[in-house]
A.B. asks: 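Have a look at this one before I ask anything.
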Amino acid sequence: MGLSTDIPPTLPQSFYRRSALIVARECIGKFLVSRVGGTTTVGRIVETEAYRGPDDAAAHSYRGRRTPRTEVMFGPAGYAYVFVLYGMHHAFNVVTARRGKPEAVLIRAIQPIEGVPVMARRRRLPVGHRSLADGPGKLCQALGITKEHYGADLTQGIITITDGPRAPVVASSRVGIDYAGEWANKPWRFAERGSVFVSKVRSTSV
DNA sequence: GAATAGATTGTCT
DNA sequence: GACAATCTATTCT
């Protein structure tokens with residue numbers, strides 16, 4: 001079956017058709033592949049956050065809020081939920097769970113793997129800069145992901161996620177959702193242990 | 001290294 | 001009309 005042993009298989013829809021909590025954890029170590037603009041850029045996912053639908057005050061789909069923006073989360077798993085943030089940044093999410101359950105996983109940081117010069121150019125940073133994709137807005141810019149990719153099928157097409165070796169994962173609280181009360185403290189942010197490519201909070205002592 | 005302010009627009013009240 | 005699942009430059013220590 002394998003034409004090449006270099007390229008791991010694209011994750012099937014069944015990977016996404018589970019709880020956001022599980023998918024968020026299992027996404028760590030997988031490869032996010034973008035072919036935007038005909039150029040391939042690849043990053044290894046090192047940080048994610050789970051957003052759990054109607055019960056989660058931090059989720060856009062809290063209380064089942066269903067608008068043109070959140071619509072894709074109510075559909076089947078394995079599609080892209082992209083939204084604009086602070087008027088100038090994009091954030092890329094993977095829709096999880098079954099149809100009708102508006103859950104999603106925010107991809108917060110990737111470790112640049114392939115197409116680094118392209119990522120640097122898109123970020124308008126010199127090659128060798130170390131903050132290419134360590135944040136939700138940054139990775140969208142580096143991979144060329146925009147609103148135009150809202151609703152994209154992640155099991156085929158220009159944005160896909162392929163399997164990768166399992167990595168050690170640590171959980172912590174989510175970022176930038178202080179308004180969500182008790183929900184802000186849930187340990188629903190996942191990161192590869194020890195990765196220097198994660199966003200924000202870095203350990204002060206190493 | 002840490003803290004702070006400003007950028008800028010789609011989305012919802 | 002207010003605010004947001006952020007990023008960057010700037011200021012201070």
Side-chain angles (χ1 to χ4, degrees), chain A residues 16 19-21 23-25 27-28 32 43 45-74 77 79-97 101-112 119-126 128-152 154 159 171-191 196-206:
Chain A
Y16 303 102
S19 153
L21 242 41
V23 177
R25 181 179 283 274
C27 274
I28 303 298
L32 178 55
I45 299 172
V46 296
E47 183 182 351
T48 63
E49 279 178 3
Y51 286 86
R52 300 200 65 190
D55 294 334
D56 180 2
H60 292 158
S61 54
Y62 183 45
R63 299 161 98 135
R65 184 166 49 172
R66 188 167 186 164
T67 66
R69 181 173 73 148
T70 63
E71 181 63 30
V72 71
M73 282 195 281
F74 288 82
Y79 290 82
Y81 171 42
V82 181
F83 62 92
V84 178
L85 191 53
Y86 295 98
M88 62 188 92
H89 302 296
H90 294 272
F92 173 76
N93 302 250
V94 170
V95 174
T96 73
K101 280 192 91 181
E103 300 195 355
V105 171
L106 170 68
I107 309 299
R108 288 193 56 89
I110 59 169
Q111 170 181 355
M119 295 191 206
R121 193 181 324 136
R122 285 177 177 150
R123 294 268 294 126
R124 301 175 186 215
L125 291 172
H129 197 283
R130 54 184 216 289
S131 294
L132 281 183
D134 55 344
K138 298 182 197 178
L139 76 86
C140 282
Q141 194 178 7
L143 297 180
I145 297 173
T146 68
K147 268 202 78 140
E148 168 181 342
H149 305 106
Y150 181 96
L154 301 175
I159 302 171
S172 56
S173 57
R174 294 176 292 179
V175 177
I177 52 163
D178 296 338
Y179 59 85
E182 60 173 301
W183 296 94
N185 297 320
K186 302 284 185 186
W188 292 350
R189 174 191 187 212
F190 302 96
V196 299
F197 297 98
V198 305
S199 73
K200 218 150 182 167
V201 199
R202 281 199 187 96
S203 56
T204 50
S205 60
V206 176

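To find a chain, count down the sequence lines: A is the first, B the second, and so on, and within it residues start at 1. Basis for what follows: all heavy atoms, side chains included, without hydrogens, waters or symmetry-related copies.
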A.B. asks: OP1 or OP2 of dT6(C) sitting under 4.0 Å from any side-chain N/O of Arg108(A)?
C.D. replies: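 Yes, such a contact exists.
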A.B. asks: Can you check the Ile107(A) CD1 to dT6(C) C1' distance for me, whole Å?
C.D. replies: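 So the two atoms are 17 Å apart, to the nearest Å.
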A.B. asks: Have a look at Leu106(A) and say if it touches a base, only the backbone sugar-phosphate, or nothing, with a 4.0 Å heavy-atom cut-off.
C.D. replies: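 Since a base atom lies under 4.0 Å of Leu106(A), the category is base.
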A.B. asks: Measure the distance from NE2 on His90(A) to C1' on dA4(C) and round it to the nearest whole Å.
C.D. replies: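 It is 14 Å, rounded to the nearest whole Å.
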A.B. asks: Could you tell me how far apart His89(A) (NE2) and dA7(B) (C1') are, to the nearest whole angstrom?
C.D. replies: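 After rounding, the reported distance stands at 8 Å.
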A.B. asks: Given dT13(B), dT6(C), dA5(C), identify the nucleotide with an atom nearest to the side chain of Asn93(A).
C.D. replies: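 Looking only at heavy atoms from C-beta outward on Asn93(A), the closest nucleotide is dA5(C).
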A.B. asks: What is the separation between atom CZ on Arg65(A) and atom P on dC12(B), rounded to the nearest whole Å?
C.D. replies: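 Whole-Å distance recorded here is 7 Å.
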A.B. asks: What nucleotide among dG10(B), dA5(C), dT6(C) has an atom nearest to a side-chain atom of Lys147(A)?
C.D. replies: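 The answer is dG10(B).
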A.B. asks: Round to a whole Å and report the spacing from CD of Glu49(A) to P of dA5(C).
C.D. replies: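 Answer to the nearest Å: 11 Å.
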A.B. asks: Is there aromatic stacking of Phe83(A) against dG10(B), centre distance under 5.5 Å, plane angle under 30°?
C.D. replies: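 Aromatic stack with dG10(B) absent for Phe83(A).
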A.B. asks: What is the pairing partner of dA4(C), taking Watson-Crick or G-U wobble pairs with both distances under 3.5 Å in any strand?
C.D. replies: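 When the pairing criteria are applied, dT9(B) turns out to be the nucleotide that pairs with dA4(C).
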A.B. asks: Verify the contact: side-chain N or O of Thr67(A) to OP1 or OP2 of dT11(B), cut-off strictly under 4.0 Å; return yes or no.
C.D. replies: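 Thr67(A) to dT11(B) OP1/OP2: no side-chain N or O under 4.0 Å.
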A.B. asks: Gln141(A) and Arg123(A): side-chain donor and acceptor closer than 3.5 Å?
C.D. replies: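 Side-chain D/A pair, Gln141(A) to Arg123(A): present.
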A.B. asks: Between the side chains of Arg108(A) and Glu49(A), is the shortest nitrogen-to-carboxylate-oxygen separation below 4.0 Å, so that they form an ion pair?
C.D. replies: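 Yes, Glu49(A) and Arg108(A) are salt-bridged.
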A.B. asks: Counting heavy atoms from C-beta on, name the nucleotide in dA7(B), dA5(C), dT13(B) closest to the side chain of Tyr179(A).
C.D. replies: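 Among dA7(B), dA5(C), dT13(B), the one nearest the side chain of Tyr179(A) is dA5(C).
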A.B. asks: Can you establish whether the number of heavy atoms outside Arg63(A) located under 6.0 Å from its atom CZ is more than 12?
C.D. replies: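 Not buried by this count: 12 neighbours or fewer within 6.0 Å.
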A.B. asks: If you check the Lys138(A) side chain, which of dA4(C), dC7(C), dA7(B) turns out closest?
C.D. replies: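 Closest nucleotide among those given: dC7(C).
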A.B. asks: Would you mind reading off the distance between Phe190(A) atom CZ and dA5(C) atom C1', rounded to a whole angstrom?
C.D. replies: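 Taking CZ of Phe190(A) and C1' of dA5(C), I get 15 Å after rounding.
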A.B. asks: dT6(C) C1' sits how many Å from Ile177(A) CD1, rounded?
C.D. replies: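 Going from Ile177(A) (CD1) to dT6(C) (C1'), I get 14 Å.
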A.B. asks: Measuring only the P atom in each nucleotide, how far is dA5(B) from dC3(C)? A whole number of Å is fine.
C.D. replies: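 It works out to 16 Å between them.
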A.B. asks: Indicate, with a heavy-atom threshold strictly under 4.0 Å, whether Ala58(A) touches base, sugar-phosphate, or nothing.
C.D. replies: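 Base contact.
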A.B. asks: Would Arg25(A) pass as a cation-pi partner of Phe190(A), given that its NZ or CZ must be under 6.0 Å from the six-membered ring centre and within 45 degrees of the axis?
C.D. replies: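 Judged by the rule (NZ or CZ under 6.0 Å from the ring centre, within 45° of its axis), Arg25(A) is not positioned above Phe190(A).
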A.B. asks: Please find out if less than 6.0 Å separates the ring center of Tyr79(A) from that of Tyr81(A).
C.D. replies: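 Between Tyr79(A) and Tyr81(A), the centre distance exceeds or equals 6.0 Å.
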A.B. asks: Over how many whole Å does the gap from Tyr62(A) atom OH to dA4(C) atom P extend?
C.D. replies: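 The distance from OH of Tyr62(A) to P of dA4(C) comes to 15 Å, rounded to the nearest Å.
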A.B. asks: So which one's nearest nucleotide on DNA chain C is more toward 5', Arg123(A) or Arg69(A)?
C.D. replies: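 Nearest nucleotide further toward 5': that of Arg69(A).
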